[in-house]
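What follows is a set of notes on a single structure, which appears directly below.
Lettering follows sequence order; numbering is per chain, from 1.
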Amino acid sequence: MGVTAETVKELEQKQEWWWAAEKKRSKRLDYLRKAMWKKGAIGGLYPAGLYIDLERPVLQTEKAKELESSPDPYVIKFAKMLAHVLDNKTIFITDHSQLVGYLGSHPNMITWDPTLAAILNHEVVNDPTAIPQPVEENLKIISEVVSYWGGKSDLDKILPHMDLDDSMKVLSGAIGWGVPLSRGGYSGKDYEYIMTGVRAFEDVIAELDRRIDEADARAHEPGATREICDLYDKMNMWEAMKITLEAGIRHARRYARLARIIAENFETDTERRVELLQIAETCERVPAKPARTLQESLQYDLFIQLFSRNEAIEGAWPARPDYYHGPYYEQEVNIDKTLTEQEALDLTGEFLIRAAEVSQYKPKWSREGLQGIEGTWVWTLGGVNKDGSDACNGMTIALLQAARLVRVANPTFAFRWHPKVKDEVMREIFECIRQGLGYPSMRNDPILIANAMNWHGHPIEEARTWAHQACMSPSPCTKHGFQPMRMANATANCAKIIEYVFTSGFDNIVNMQIGAETPLAEAFTSYEQFFDAWVTQMKTIFSILVRPVNRARMLAPKMTPRPFLSAISERSVESGLDVCDPSISRGNAWITAFTWVENADSLAAVKKLVFDEKKYTMADLTGALAANWEGKEEMRLDFVKNAPKWGNDDDYVDSIMLDCLHEAARFSRELKCPSGNNWPILPENVSGNIHYANIVGALPNGRRLGDALYDGGISPGPGLDKKGPTAVLKSCSKIDHISDGRAFLLNQRLSPIQLAGEKGYQLWKSYMKTWADLGLDHVQFNCVSDETLRSAQRDPEKYQEVIVRVAGYSAHFVDISRKTQDNIIQRTVQGLA
Amino acid sequence: MPTCKQCKKFFPLEDNPNKGDCVQRVIDPRQTYYKAKSVDAESDAAKCSEFEKK
């Protein structure tokens, strides 16, 4: 460890956890952590030293041109393009590393996939800080690539098949987020098929060969049927899957070869030479064959994640690492004793670092909405096994300990709490929270399993395998239950619902009629009329967002296929259909409801001050909002201070919140995904509350255009929860967390001083018991003092490693905007009693 | 004309000596690593700043 225990202790006493971690971790982890190029954008721009990688787009484009005259169907051409990249991209092995693999050609390169969307490609051209030197020469390369893919990218191909009116409203950026692309969102994985150690790539290839042979024989038997016609497509799909798996095996073996070359020709250190040969053996084994050791298991997982991200931009990382790697940990550390706890911790910490490095070029709106991170890599820990027993294991603890040592902001963890979780695990979780990581977030497993069964009809054994798809939403990791695509444009900027009630659906920011043309707000004579208009706007906005996603999902199998993801999915290997084909998926859609609570607070303010007390008319209010409250400060403060606010256990406003949720839940069952399943809402925010600050107009809760929105989910507005943590929990507990929506994010700030020592743990545990007893499904904590955060604002260089929970994710405090920083500081610090 | 196969950094594939890896040591501001790029043995290395004759 290199330093005296006292020094570490002193740092811990001062709650300088980041410096203590630096001294506690192994030399290897220290090197690898400091070697890491942080990829999260700051203020929407990539940090200095990071550049767009041009190797991949050049490889893709040269292969696409070569295949132009090929008779291959598109899915096979696409698979060959992917294979060409994996066979030819530059690979590297970092000193001291034991795990290998990265998307780009160099550690500071951000990969750009030009095949996705012309609008993304044009951002590359106009992103001067990220274009590598020599700029002029590289701009020529970029121009050639951009020009080639114009009209050929996924989005260009599917847009003509979408409803233009819906598309324009979505792309306006006012009500939703993202574009409907199967290769442009993120995907769950069929971990139950590919990560249980039963099979690996060679086994799947053998299965694909068998299916191709059978289909080929069947297709040439006497007779002609629709089924035979379908076989032609299936054989092509199986062939494409096989191409990607074989390329994956070859790619891994390139690493094996490089490791051997280094060991045999360059490396002089005997210990490192042994490690390099171990890397070589690992990469010769996986992903071709099932893993045998923890190192092989982690490497296998890493390869799968990287191949999937070579196929698509994935803005999230659904995973359950303790569940799937745990058996290897137990075998090696506790049974065979071939690996020490320290060695396992090193591998686990490095696994987090390897994930933290992953980067893909994304549009600026996405970078602004996910300040400081690359995507929401929220990994799921804990939970139960399929039989309902506790699934925590040694790997659960190793991951929690490793997180405190490497202190990356991404991936973060979300812990599936249930009554059988042991105290030793709870203490490890608490240490992560107390040490200011902002994670794990806590999820109520029994509630969420019931929720998955209620909303999507997942059988209980499958529901118990759930993993977070991004920040919040659960989905099983099973054959029919896992979710192959998630497109961010089913993300609703819900504050627009209440805003449009006052504008009859006209959006004054983007100058478009987006919402429904409900009657003029001045004409409403009762709260009921006013609320009916709110329901109409809610239904209109949700429908505009859901329709393009449904349509894109139906177009995806043919127009934007995913042969690699299909190859690691049982349902596709079995059926020969693309993984996104709705006919083989149960469906697990949801609408992410950004900026939701503003609706309840605004409706309550209107009900009380306009309709109950008749202090103002609807005309007064409509005029004040149109003027952005200018000249109406006294009236505005009345709406802020004298209207009830969510989070204070006040039935007046809490019942309005329930009315809104019940209407949304009713409508969620009318909205159907192409698999025929429901679209429940899920209130949460990432950093959308800042992104949308200049997009949402003035609201009746007293907010002005430009003010930060609430931090999201069902979290009360910052500083508006004045009655303590129990009142917050009680308000939130009035929601039925099984049937009122898919999940509900709750941010809480706790005092690090109060959480010190054993007493702090007992206070937190008692809070968690109340939370669980009240049936909430989620809570997450910021536990960094105002003093530290203000110091970090004054002197960012000294506080580079301070992490905070933003909303559904964590970020380094210095990497988020000043507005977001202030918004976090404004959140009420709850004193636990 | 120098070719890749004449370079110290070229490591031919066992099953296809016409192809191989160009293996280089890289030191960037944060880390040190070895990288490998697929190359053809007969590729022109005249303009390669990394070329080192065997």
Structural part of [X] lying under 4.5 Å from a heavy atom of chain B:
X        : result
A/Asp87  : backbone
A/Tyr255 : neither
A/Ile91  : both

- Message: Which residues in residues 268-279 of chain A have any heavy atom closer than 4.5 Å to a heavy atom of chain B?
- Response: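 Counting heavy atoms that sit under 4.5 Å from chain B, no residue of residues 268-279 of chain A is involved.
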- Pair A/Phe266 and B/Tyr34, ring centroids less than 6.0 Å apart: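 Yes, the ring of A/Phe266 comes within the 6.0 Å limit of the ring of B/Tyr34, centre to centre.
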Chain B interface, residue from [options] that has the most non-hydrogen pairs under 4.5 Å:
options                              : value
A/His106, A/His96, A/Lys89           : A/His106
A/Asn88, A/Asn265, A/Thr90, A/Asn108 : A/Thr90
A/Arg254, A/Arg257, A/Glu55          : A/Arg257

- Message: Testing A/Lys38, A/Glu374, A/Arg309 one by one against A/Ser359 for a side chain to side chain donor-acceptor pair (under 3.5 Å), which residue passes?
- Response: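 Between A/Ser359 and the candidates, side chain to side chain donor-acceptor pair (under 3.5 Å) is satisfied uniquely by A/Glu374.
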- Identify whether NZ of Lys or CZ of Arg in A/Arg354 sits under 6.0 Å from the centre of the six-membered ring of A/Trp377 and within 45° of that ring's axis.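 Here A/Arg354 fails the 6.0 Å and 45° test against A/Trp377.
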- Item | A/Met36 side chain reached by A/Arg33 side chain, heavy atoms, under 4.5 Å |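 In short, these two side chains touch, coming nearer than 4.5 Å.
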- Item | Contact check, side chains of A/Ile142 and A/Ile131, non-hydrogen atoms, under 4.5 Å |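 Yes, at least one pair of side-chain atoms sits under 4.5 Å.
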Taking atom types as modelled, find out whether [X] and [Y] have a side-chain donor-acceptor pair closer than 3.5 angstrom.
X        : Y        : answer
A/Asp113 : A/Gln60  : yes
A/Gln360 : A/Thr111 : no
B/Gln31  : A/Thr94  : yes

- Task: Identify whether the distance between the nearest side-chain nitrogen and carboxylate oxygen of A/Lys39 and A/Glu357 falls below 4.0 Å.
- Result: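 A salt bridge is absent here (no side-chain N lies under 4.0 Å from a carboxylate O).
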- Item | Heavy-atom proximity to chain A below 4.5 Å, by part of B/Asp28 |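 Answer is side chain: those atoms of B/Asp28 sit under 4.5 Å from chain A.
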